[in-house]
Amino acid sequence: MTRNFNTYMDSPVVAYWRELCRREGVLRRYDRGEDFFTVGSVARYIGFIQTGTLKYVAYGADGAEHVLGLEFTNEFVADFPFSFRGIPARTSVVATTPCEILCVPTRTIGERMNADAELREVIMASTEAVFSTVYDRYAAVYAQSPQERYNGLISRHPDLFNLFSLKDIASFLKVTPTHLSRLRKNI
């Protein structure tokens with residue numbers, strides 16, 4: 001089992017993005033509840049999270065929030081790879097705590113990738129790593145019980161309840177907050 005909650009972080013190409021953000025990134029601060037990017041608009045930045053946590057959110061037809069992903073300190077936040085091509089985001093990313101993020105404009109990366117074969121290779125490898133993370137989570141929704149998904153989640157991030165609300169964690173696991181409370185008691 002991987003040690004990272006977001007398995008894309010195990011990819012060797014992560015070092016490229018980390019160094020790019022450290023070298024060229026501008027430090028931006030986001031307050032709790034502030035969007036890093038918003039559904040329907042092109043994400044302006046890819047960011048390396050220095051401090052804080054964020055959640056990827058999709059909204060139902062009734063406006064209900066559905067948590068699709070969680071991001072932590074020393075990870076990345078991006079609408080990957082869509083923003084590099086100017087494609088509007090299908091989700092929003094919202095800060096769940098105050099965040100400090102080293103941000104590189106996606107427009108800059110999009111312009112560079114047309115002339116930089118190495119960057120295109122990094123983007124391709126990164127896209128595969130992100131896809132693998134998302135696909136594994138999708139398969140788990142169908143192949144694992146809520147208890148199994150909860151156990152796997154907590155084994156990778158035991159302090160999760162200190163970082164995210166019960167409601168957000170329940171949404172991520174596709175259970176109600178009441179059901180999540182029951183799952184927590186079963187450990």
Side-chain angles (χ1 to χ4, degrees), residues 1-39 41-58 66-113 116 118-138 152-153 156-157 159-160 162-164 168-169 171-172:
M1 178 175 5
T2 181
R3 63 178 180 74
N4 287 306
F5 171 77
N6 289 308
T7 58
Y8 72 82
M9 289 296 296
D10 296 326
S11 174
V13 295
V14 164
Y16 178 94
W17 296 112
R18 183 180 296 115
E19 288 310 309
L20 178 72
C21 289
R22 286 182 176 156
R23 187 176 64 249
E24 298 181 28
V26 172
L27 186 64
R28 296 186 176 280
R29 290 175 174 79
Y30 294 84
D31 292 327
R32 183 177 190 265
E34 188 175 353
D35 285 1
F36 182 76
F37 61 81
T38 305
V39 66
S41 63
V42 177
R44 294 175 55 201
Y45 305 107
I46 178 173
F48 179 69
I49 305 163
Q50 289 200 305
T51 62
T53 56
L54 302 102
K55 61 183 174 181
Y56 284 77
V57 177
H66 301 276
V67 177
L68 305 175
L70 306 170
E71 295 292 346
F72 304 85
T73 297
N74 294 320
E75 292 187 344
F76 294 91
V77 58
D79 189 32
F80 201 92
F82 309 110
S83 59
F84 303 149
R85 298 214 182 266
I87 299 170
R90 297 174 185 137
T91 63
S92 293
V93 170
V94 181
T96 59
T97 63
C99 295
E100 291 185 337
I101 303 173
L102 285 171
C103 297
V104 175
T106 55
R107 182 178 296 189
T108 300
I109 295 168
E111 290 167 358
R112 282 186 197 165
M113 74 180 184
D116 187 337
E118 178 190 10
L119 178 57
R120 285 192 305 273
E121 287 294 318
V122 167
I123 290 171
M124 185 175 71
S126 300
T127 301
E128 290 172 357
V130 169
F131 175 81
S132 181
T133 298
V134 172
Y135 194 79
D136 287 346
R137 288 184 183 155
Y138 178 76
L153 183 65
R156 279 184 247 120
H157 230 297
D159 62 342
L160 200 64
N162 295 329
L163 301 170
F164 295 94
D168 287 344
I169 297 167
S171 178
F172 179 77

Worked verdict on I49 versus Y30 for side-chain contact (heavy atoms from CB on, under 4.5 Å): CA-CA 11 Å; I49 305 163; Y30 294 84; over 6 Å; no
Would you say that more than 12 heavy atoms from the other residues, nucleotides or ligands in this model lie under 6.0 Å from the CZ of R107, or not?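 No, because the 6.0 Å sphere around CZ of R107 holds 12 heavy atoms or fewer from other groups.
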If you count every heavy atom of other residues, nucleotides or ligands that lies below 6.0 Å from R120 atom CZ, does the total exceed 12?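 Count over threshold, so yes.
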Just to verify, what does S171 make a side-chain hydrogen bond (donor to acceptor under 3.5 Å, both in side chains) with, not counting sequence neighbours?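 side-chain hydrogen bond (donor to acceptor under 3.5 Å, both in side chains) check on S171 returns nothing, list empty.
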Could you tell me which non-hydrogen atom of [X] sits nearest to which non-hydrogen atom of [Y], and how far apart they are?
X   : Y    : result
F36 : G47  : CZ-N, 4.0 Å
L68 : F172 : O-CE1, 3.3 Å
S83 : A43  : CB-O, 3.5 Å
S92 : D35  : OG-OD2, 4.2 Å
D79 : I87  : OD2-O, 4.1 Å
A89 : T38  : CB-O, 3.9 Å

In terms of relative ring orientation, are [X] and [Y] parallel, tilted or perpendicular, with 30° and 60° separating the classes?
X    : Y   : value
F37  : Y56 : perpendicular
F164 : F72 : perpendicular
F84  : F80 : perpendicular

Among M9, R23, E75, find the one that has a side-chain contact (heavy atoms from CB on, under 4.5 Å) with R18.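 Testing R18 for a side-chain contact (heavy atoms from CB on, under 4.5 Å) against M9, R23, E75 leaves exactly one candidate, M9.
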Side-chain donor/acceptor of [X] to backbone N/O of [Y], under 3.5 Å:
X    : Y    : value
R32  : T96  : yes
T51  : C99  : no
S132 : E128 : no

I want to check something: taking the side chain as every heavy atom from C-beta on, are T91 and V39 in contact at a cut-off of under 4.5 Å?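 Result no, sub-4.5 Å side-chain heavy-atom pair not found.
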Answer yes or no: is there a side-chain heavy-atom contact under 4.5 Å between L70 and H157?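 They are not in contact (no side-chain heavy atoms under 4.5 Å apart), so the answer is no.
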What distance do D31 atom CG and T97 atom OG1 have between them, rounded to the nearest 0.5 Å?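 If I round to the nearest 0.5 Å, the distance is 10.5 Å.
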Do the numbers put R137 on top of the ring of F5, so that NZ or CZ is under 6.0 Å from the six-membered ring centre and no more than 45° off the axis?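 So R137 does make the cation-pi contact.
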side-chain contact (heavy atoms from CB on, under 4.5 Å) between E71 and V93, intermediate numbers included: CA-CA 9 Å; E71 295 292 346; V93 170; 6.0 Å; no
